[in-house]
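Taking it in order: structure first as structure tokens, then the write-up.
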Amino acid sequence: MNTPFRWPRTLPREARDTLFLLGVIGWIVALQSPHIPLWCTAMTLVVLLWRGWLAIGARPLPGWPWRLALLVGATAGTLNSHQTVLGHEAGVTLIVVLLALKTLELRARRDAFVIFFLGFFTLLTHFFYSQTLLTALGILLAFLGLLTGLVLAHMPVGHPPLWRAARLAGGMALLGAPIMLVLFMLFPRFAPLWGIPTDSGFGRSGLSGEMQVGQIARLALDDSIAFRVEFESGRRPPQDQLYFRGPVMSVFDGLEWRPRPRAPFAMSVPSLDILATDQAIRYRLTQEPSNRPWVMTLEATPSLPPIAGRQARLSPELEWTVDRPLTDVTRFDAVAHPHFRHGPAQRDATLLPDLELPGGFNPRTLQLAQDLRRELDHTPVPEPYIDAVLQRLRTGGYTYTLEPGLFGRHTADEFWFDRREGFCEHIASSFVILMRALDIPARVVTGYHGGELNPIDGVWTVRQSDAHAWAEVWLPSRGWIRIDPTAYVAPARTTELSRLRPPPGLVANAMLRIHPDLLWQVRAFWEATNNRWNQWVLNYTSSRQMDLLRQLGFSSPSWTDLIHLMVGILVLASLMGAFWATWTRSRQDAWLRLLHRARARLEHAGFELPTQATPRQMAALLSSPHLHAPWLPPWRDWLQAMEAQRYDPSSTTRLTELRRGFRRLPALPPVTPHA
């Protein structure tokens, strides 16, 4: 009859340390779980639970056939998931599995050290995917756990409590923090391995290169940060002018808007005239990774510095792009001119794509355009038609909603005549279609509008939920003019920056019940802290290193100056450490140091000594009738000589003689004193 499993009240030292190490490995795997295949997470979890069950019951570890079978299965799973065992994604999957499988042959300290080094390496691979502050905190916790396990592995005797090992590990980390800070500040900055573009072909979040009706409404459910803006003091534009330009859509096939086809990253010279240079707005923008090539800028920004080592280009539609997707946090300084004119002054062939409409779509909207022409006596001036359409939006019972439902084939007809409601892209698309039906060049512009001020750090925060679509129409002698039709349906969207928000979740709703402003305050504090992390850690580039050297007095700094300064500081720190150790050693009693060395050798052999044991007490322990060994008398005599040298005034033994005698003492084999 099998007895039921019972958790032991006191675990043996080996089982406790093993379970602690398995828990740390489980946390490392949990950090990687969003980036590895599901089978890999499940397999490592089963292996760790199996190894824990073996440790608790002091059962034998599985033999090599089991380990070989698991290794072959993991390799086959990696090939099936990634079609290769090379590359960083397949490599991360394999290293996670190997970390778990290595625990099945954890028999000696040597095996534990291999696991520690595999764990530290696996932690580094997490930076392939994320470098956020939350990720860093999770990695720091795992790092301290591995360091605690490493300390425990160097305490082979006794049953030291975990808190003592954790305290020692934390102290070691604090002592190493200044050196890590110097290396971070001065080590030459090269493009990190985790800064390479991901293999996926889709964006992580944000605007895309095409726009379907309803697409931006889905972004309104995403409250993550798109970018942050720091304006020059007192120079933030009015709220209704906070338009950050993204992809411009001119081609419409009836269902989807797309940009004009152009040669990849072709050179172009946009027609842009700054009308009032004295009203320039200086700002610093920090854009989150999007895996897209578009750079969000405040309208209108005529020039940009190189971004993330890539040359930025301005298209004729005033959209900024780089030649490769932005996969890292990107920061740049720029100047915007809110009063500008761009586009041809007179109608020409470049405007023809902005007049085209596909056949067989939106017949009632086309008829509406004809009715407006008759009402206005076919006036050739476009302004009366624009005013009439905007008046229709203002007084026609149209509403701004996050959930207008699914639109069919004739999206503009449904908006103008049936539903009379929609999100910003429904309104902008329908407006542009009607403008083109009136023979007025028009196009859709996507980007972001609005944002909110973080009261903690004073940074303007723009979220994915601020994604917006508006229209541009071309007017003779004036060029392209921005018209936001959403402002005529819901004026608060552009003047007061009020978003349509989804209902709060369970945790957020509970925080709102506790205190109405608690959720807002917590989020503002966290985002301000995360912004500082982005600015001072992730965005600490080689140019900022050179700025630091200039502040330190280097007139023409280079990477060789960085290395010389770094080596000099490290050498100085090493000399100071050596001086401190020597000074501390000189202040310690030489007799006590020698007694401590003897005590350490006895404890390593297995003797349990009182905390403040004297030489006489140690000698008495070695005089136990249970112990019979030829190496005992020399040790007893030496300990008695130590006692006499310290406390017997008639003793003529010198400390140097005791040191020489200690070196001649026989080695101590492992013993069981009470056997």
Side-chain angles (χ1 to χ4, degrees), residues 13-14 17 108-110 112-113 147-148 150-161 163-172 174-176 571-675:
R13 162 74 185 277
E14 182 180 355
D17 291 357
R109 292 174 63 191
R110 178 185 58 189
F113 292 153
L147 200 58
T148 301
L150 193 58
V151 170
L152 287 172
H154 284 84
M155 295 179 173
V157 179
H159 201 285
W163 66 266
R164 182 184 300 172
R167 185 177 64 181
L168 182 58
M172 294 169 58
L174 289 176
L175 288 175
V571 170
L572 179 61
S574 301
L575 292 176
M576 292 177 62
F579 173 78
W580 175 263
T582 304
W583 181 74
T584 303
R585 185 180 181 88
S586 66
R587 292 184 53 132
Q588 188 180 6
D589 191 306
W591 186 87
L592 289 176
R593 289 202 307 269
L594 186 58
L595 182 63
H596 178 74
R597 292 172 60 188
R599 175 191 178 90
R601 288 182 62 178
L602 290 172
E603 288 182 338
H604 185 72
F607 288 96
E608 295 184 2
L609 300 174
T611 305
Q612 302 296 334
T614 64
R616 180 176 298 185
Q617 290 173 329
M618 296 181 189
L621 182 65
L622 297 181
S623 301
S624 172
H626 300 287
L627 296 175
H628 302 283
W631 49 265
L632 288 176
W635 271 89
R636 285 196 298 265
D637 295 342
W638 183 85
L639 288 170
Q640 291 169 358
M642 282 283 292
E643 179 85 6
Q645 198 276 338
R646 186 73 167 186
Y647 300 107
D648 187 358
S650 63
S651 175
T652 59
T653 305
R654 296 181 180 182
L655 193 60
T656 54
E657 297 175 2
L658 291 174
R659 289 197 188 98
R660 287 195 295 267
F662 179 75
R663 288 194 292 268
R664 291 194 295 266
L665 288 174
L668 298 175
V671 296
T672 304
H674 302 293

How long is the gap from [atom1] on [X] to [atom2] on [Y], to the nearest 0.5 Å?
{"X": "M618", "Y": "L602", "atom1": "CE", "atom2": "CG", "result": "6.5 Å"}
{"X": "R660", "Y": "R654", "atom1": "CZ", "atom2": "CZ", "result": "9.5 Å"}
{"X": "R659", "Y": "R593", "atom1": "CZ", "atom2": "CZ", "result": "6.5 Å"}

Testing the basics here: between [X] and [Y], what is the closest heavy-atom pair and its distance to 0.1 Å?
{"X": "P666", "Y": "W635", "value": "O-NE1, 3.1 Å"}
{"X": "L658", "Y": "A641", "value": "CD2-CB, 3.8 Å"}
{"X": "P634", "Y": "L665", "value": "O-CD2, 3.6 Å"}

Worksheet entry | Under the side chain to side chain donor-acceptor pair (under 3.5 Å) test, residues paired with R599 that sit two or more places apart | E603
Worksheet item: Taking only residues two or more places apart in sequence, or in another chain, which ones meet W638 in a ring pair (Phe, Tyr, Trp, His ring centres under 6.0 Å)?
Response: F662
Discussion item. Among residues at least two apart in sequence or on other chains, which ones pass salt bridge (Lys or Arg N to Asp or Glu O under 4.0 Å) with R601?
Written reply: none
Worksheet item: Would you call R636 and L639 a side-chain contact if the rule is heavy atoms closer than 4.5 Å?
Response: no
